[in-house]
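Okay, structure first, notes after.
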Amino acid sequence: EAGVAQSPRYKIIEKRQSVAFWCNPISGHATLYWYQQILGQGPKLLIQFQNNGVVDDSQLPKDRFSAERLKGVDSTLKIQPAKLEDSAVYLCASSLGMRGQIRPETFGSGTRLTVV
Amino acid sequence: SQQGEEDPQALSIQEGENATMNCSYKTSINNLQWYRQNSGRGLVHLILIRSNEREKHSGRLRVTLDTSKKSSSLLITASRAADTASYFCATEIQGAQKLVFGQGTRLTINP
């Protein structure tokens with residue numbers, strides 16, 4: 001099966017600019033996750049979608065980050081305006097898991113964001 | 001916040017030796033998963049162990065889980081250069097529907 005697709009692969013922007021990341025999960029996967037991974041740390045969940053509804057966005061900095069999953073398939077994550085501390089790899093993952101049934105997650109290769 | 005704590009943070013061994021990584025967590029879990037991440041890549045799922053299981057094998061991987069101590073270990077036997085990567089434990093917390101990742105162990109296999 002095709003994996004989780006993410007784009008772009010790399011992005012360099014200046015602080016206060018905006019940026020958007022795109023994710024196409026594995027076909028049929030109901031759950032989609034966005035993680036932020038700062039260098040040297042483990043991934044931190046930003047937002048979790050079940051189909052096109054938000055399940056958990058408790059760690060999403062909502063003053064600058066937004067995400068949507070239209071039609072329950074593709075998703076975009078946006079940062080506006082970016083800060084230096086947003087420099088990280090943004091990982092998208094998907095799983096078959098329905099509510100209460102977490103399955104192993106399949107990750108995309110990520111987008112490496114550098115804010116200068 | 002990160003729930004899992006991996007130990008050691010970094011491990012360097014010779015090819016052919018066994019590598020053991022440990023993970024401790026704080027709250028009750030449904031399951032614990034181990035993932036591998038090669039430099040600059042996404043995470044790859046290795047193995048999942050449920051809270052009612054104590055040990056699980058997959059190829060050269062052996063995972064143990066001790067829920068009374070809230071800890072898990074990942075053993076890689078007969079290590080190879082290709083095993084060089086970062087390894088993360090992730091816990092599915094009871095009552096939540098998400099994984100919480102630890103900080104990871106950076107494993108280096110020297111030829």
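Here is the naming used below: chain letters follow the sequence lines, and residue numbers restart at 1 for every chain. The figures that follow rest on heavy atoms only: side chains count, while hydrogens, waters and symmetry mates do not.
In this structure, chain A has no heavy atom under 4.5 Å from any part of B:Glu6. The part of A:Gln37 that comes within reach of chain B is its side chain, from C-beta onward, which places non-hydrogen atoms under 4.5 angstrom from that chain.
Applying the side-chain contact (heavy atoms from CB on, under 4.5 Å) rule to B:Thr77 yields the partners B:Asn18, B:Arg60, B:Leu75; only residues at least two apart in sequence or on another chain are considered.
A distance-only check finds no donor-acceptor pair linking the side chain of B:Asn38 to the backbone of B:Arg41 [under 3.5 Å]. Panel note: side chain A:Gln36, backbone A:Lys44; no donor-acceptor pair is recorded below 3.5 Å.
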| request: Run the numbers on A:Tyr33 and A:Val4 for side chain to side chain contact (heavy atoms under 4.5 Å, CB included), then give the verdict. | output: CA-CA 11 Å; A:Tyr33 314 80; A:Val4 175; over 6 Å; no
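Of the N and O atoms on the side chains of B:Asn110 and B:Ser12, at least one donor lies less than 3.5 Å from an acceptor on the other residue.
The list of ring pair (Phe, Tyr, Trp, His ring centres under 6.0 Å) pairs with a residue in residues 39-97 of chain B, not counting sequence neighbours, reads B:Tyr35-B:His45. Judged as a ring pair (Phe, Tyr, Trp, His ring centres under 6.0 Å), the pairs with a partner in residues 74-93 of chain A (not counting sequence neighbours) are, in order, A:Phe21-A:Tyr90.
Heavy-atom neighbours of chain B within the stretch residues 108-116 of chain A, taken at a separation under 4.5 angstrom, comprise A:Gly108, A:Ser109, A:Arg112.
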